[in-house]
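Numbers here simply count residues along the sequence, with the first being 1. We count ligands from 1, going down the list as the structure has it; atoms in each ligand are counted the same way.
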Amino acid sequence: MATTNIKDDATTQAGEPVRFQAEIRQLLDILVHSLYTRREVFLRELISNASDALNRMQFEMLTNTDVVDPEVSAAIRITVDESGKRLTISDSGVGMSRTELVENLGTIARSGAQRFIENAKETGTDATDIIGRFGVGFYSVFMIADEVRVTSRSFRPEDEAACWVCAGGETFTLEASDRSHRGTVIELKLREEAAEFADAFRITQIVKQHSDYVPFPIYVGKLTDKAGEFKIANQQTALWRQPARDVKTGEYVEFFRQLTFSGGEPLLQIHYAADAPVQIYSILFVPPKASRDLFTARYESGIRLHARKILIEENCRALVPEYLRFLQGVVDCEDLPLNVARENVQSSPLLVKISRVLGRKVVDEFKKLALNDADKYLGFWNEFGIFLKEGAATDPEAATDLMELLRFRSTRVDGEVTALAEYVQRVKDDRKEIYYLLADDLRTATRSPHLDYFKRNGYEVLLLIEPVDAFLMANVREFDGHKLVNVASGEMKLPPAAAADDAVVEEALAGRDLARLIVKFKSQLGLRVADVRDTDRLSDSPVRLVDSGGAPGREVQRAMRAMDREYEQPKMVLELNARHPLLRSLVHLPEPSEILDLCVEQLFDAALLLEGLHPDPAGIVPRLQELMQAAVGKTTPAE
Ligand code: ADP
Ligand code: MG
């Protein structure tokens, strides 16, 4: 067979074909055979790789001058061969050794390849836009070239130059090269249908559009031009170092796109320079959407750390407080010692300072937005609110500030959210309490028996329906001098009843009737409850469950449950509404009564359900059927 001598590794002799790693083969197949509309992004990818290589070179030379061509300046050069339909992109970056060529361009599995392939199948034509994000950007050249030659010479004096050649298909070959200069040259023979890219004007435009802020000069010229006739096509401005007033909105958008390899627009940009306590220049973006991985511990930060313009770290987590991990952008620090090893950067005390400064600034900007453009803030809140809640729950230093930014559902404003300050404003008496209820979702919340009294008497209650709310309330106990009070707590002091309340009072069970009912509930539920007693807080609901004294607060229980499936719920107190018609009727059932037994179980189950505590909701169904049967009567129809 022809393929048996194809090697899968770098031990190959010059000229022998090496097979691409499996996913890369699939990826190439897709790129070669799809008709993408935005194929020009290949240039952005090559330039981005060249820029990375130049960055790494600058970084290397901070501590090591024993390199090939130490004097050569950092630049990218694109040569257009208009008649030969070829393009050449070269850089004076770190370069690659023969082994690196083999590994980087084809034999080592790239974690993003599979994910890109899946995405490409789903999104179709737009997939090219995102290829850079999956760490397989280099391969986008196969959308436009049918032959690719990569010649490279590593900066390490002992490494030899080599050349990687691929004409599509499943393999590439390696050749020797006598290149003596440091860096990489990529030669592309354009596919017939991509001949449009053999045009210096077009190339210049693509560079301006997609790579304007690359921090190295990108020279563009024709093959026939002399060296001096090549022109710089990009601005290479460090946008973050310019005064904010000189930067136009469109420039931020373009910078955001180049930074994130995306086509979207940021929700918000925060352009901020500070002199003390650290000297920094920064642009931070709120992206249009929260990416999924932000909800995992392995999330990747979208903030780059520069030190005096030199890129130090691509995904630097420590630059902002963790709850702001959705931000993307650039932070350039003047004070960071340049010779600090990459591993030590994250733990530098300077970064703690930066994170504090930026955290404060960002929260300030959010406050401004909330004040000046409530609608836009709401859009932001819907996407990122959960992170601010997390911040308030976990960062005591920022909590007070963050509480202002939080929004909650409420019994008062239907379908909308409210700020705590707005709630406080609506309080008519001199009450110093903010009432809230924790629940699993809005529907359960609105049906909660704990709301009976508050609804009846016109008191607003916040409905907290996100898992993070329990953590939040466990950590924050007040807002602006107002105590946050859980209406489900058995011990809370009730606000006064509205005057009209007396009118609706129904006759209540009392004396021996009530005592008998309580005994019945107690004996039947046994150890499943801590106690059974009557209450005057309910109106529409027959019963409710409250904490028994001494149990940890509701918030803590909820938080424990969220973290630990095995968490054993402390037993609760079942409170009976002595005025409820159902309970009043139950007393009159002659004992023993099957219906009474079933009703006691059902009422307890329903109370558990409403608390979101029922261990087996479907288990209620058989009993419901029994109840129906009992109500209809056991008699079999006459034959
Ligand atoms: P990514 O840039 O996300 O790592 P790419 O597919 O764009 O993925 O590039 C693959 C790898 O090839 C790079 O990580 C780099 O190691 C190497 N590479 C590509 N282009 C160059 C270049 N011009 N100079 C040095 N190394 C390069
Ligand atoms: Mg790349």
Side-chain angles (χ1 to χ4, degrees), residues 10 20-21 23-28 30-31 41-61 67-69 72 74-79 87-117 119-120 127-145 148-156 159 161-166 172 174 177 179 181-188 210-211 214 216 218-219 258-262 300 302 304 311 313-315:
F20 282 109
Q21 189 268 338
E23 262 107 39
I24 304 290
R25 289 205 295 270
Q26 273 187 55
L27 174 69
L28 288 182
I30 291 179
L31 289 171
V41 297
F42 83 90
L43 194 61
R44 175 187 72 187
E45 296 303 330
L46 294 184
I47 290 172
S48 139
N49 286 348
S51 170
D52 289 347
L54 290 165
N55 265 315
R56 285 168 56 202
M57 198 58 226
Q58 283 189 332
F59 192 79
E60 180 71 28
M61 288 191 63
V67 300
V68 176
D69 291 344
V72 164
I76 299 167
R77 175 179 285 263
I78 305 176
T79 311
L87 279 180
T88 305
I89 294 101
S90 69
D91 65 71
S92 50
V94 281
M96 286 175 274
S97 69
R98 179 190 165 91
T99 319
E100 286 169 327
L101 275 170
V102 173
E103 291 180 355
N104 294 342
L105 305 186
T107 59
I108 300 270
R110 303 229 136 211
S111 59
Q114 191 57 45
R115 282 192 294 141
F116 174 76
I117 292 167
N119 262 271
T128 49
D129 266 354
I130 54 172
I131 189 164
R133 265 189 273 160
F134 293 91
V136 288
F138 169 77
Y139 301 101
S140 61
V141 290
F142 290 99
M143 296 188 296
I144 52 95
V148 181
R149 296 178 71 87
V150 182
T151 309
S152 200
R153 168 91 169 85
S154 153
F155 70 93
R156 293 179 212 93
D159 285 344
C163 179
W164 177 103
V165 187
C166 175
F172 60 86
L174 284 174
S177 157
R179 180 179 165 88
H181 285 303
R182 184 188 77 208
T184 303
V185 182
I186 299 179
E187 294 166 272
L188 307 175
H210 291 294
S211 310
V214 167
F216 304 100
I218 304 171
Y219 293 91
Q258 293 183 20
L259 195 75
T260 57
F261 294 102
S262 75
E300 195 164 74
R304 301 204 310 212
L311 178 65
E313 173 130 17
E314 191 106 33
N315 312 103

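Taking every heavy atom of L105 and a limit of under 4.0 angstrom, the matching atoms of ligand 1 come to 12 (O). Residue contact check: A53 has heavy atoms under 4.0 Å from atoms 24 (N), 25 (C) of ligand 1.
The residue E45 has no part lying near ligand 1, judged by heavy-atom distances below 4.0 Å. Only side-chain heavy atoms of T184 come within less than 4.0 Å of ligand 1; its backbone N, CA, C and O stay farther off. At a 4.0 Å heavy-atom cut-off, ligand 1 does not touch V150 at all.
Considering backbone and side-chain N/O atoms, Y139 never comes within less than 3.5 Å of an N/O atom of ligand 1. Where the criterion is an N or O separation shorter than 3.5 Å, residue side chain and backbone included, M96 fails it with respect to ligand 1.
Side-chain N or O atoms of T107 include one that pairs as donor or acceptor with a backbone N or O of V102 at under 3.5 Å. For S152 (side chain) and M96 (main-chain N/O), a donor-acceptor pair under 3.5 Å exists by modelled atom type. The backbone N or O of Y219 lies less than 3.5 Å from no partner atom in the side chain of R77, so there is not a single donor-acceptor pair.
Under the 4.0 angstrom criterion for non-hydrogen atoms, R110 is in contact with ligand 1.
Closest approach of L27 and I117 over heavy atoms only: N-CD1, 3.9 Å. Between Q26 and Q114, the shortest heavy-atom distance links the atoms NE2-OE1, 4.5 Å.
Among I186, N49, D91, I47, the residue whose heavy atom lies closest to atom 23 (N) of ligand 1 is D91.
In this structure, R182 is not positioned above the aromatic face of F155 in the sense of NZ or CZ being under 6.0 Å from the six-membered ring centre and within 45° of the axis.
Nearest protein heavy-atom contact of atom 6 (O) of ligand 1 is F138 N, 3.0 Å. Taking atom 8 (O) of ligand 1 as the reference point, the nearest protein heavy-atom neighbour is G135 O, 3.2 Å. Scanning the protein for heavy atoms near atom 15 (C) of ligand 1, the closest one is N104 ND2, 4.1 Å.
A distance of 10.0 Å separates CD of E23 from OG of S111, quoted to the nearest 0.5 Å.
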Apply side-chain contact (heavy atoms from CB on, under 4.5 Å) to D69 and S92, showing your working.
CA-CA 9 Å; D69 291 344; S92 50; over 6 Å; no
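Relative ring orientation between F142 and F138 is described as perpendicular, the plane-to-plane angle rising above 60° on a 0-90° scale split at 30° and 60°.
The Mg ion (ligand 2) has no N, O or S atom of S48 under 2.8 Å away, backbone or side chain.
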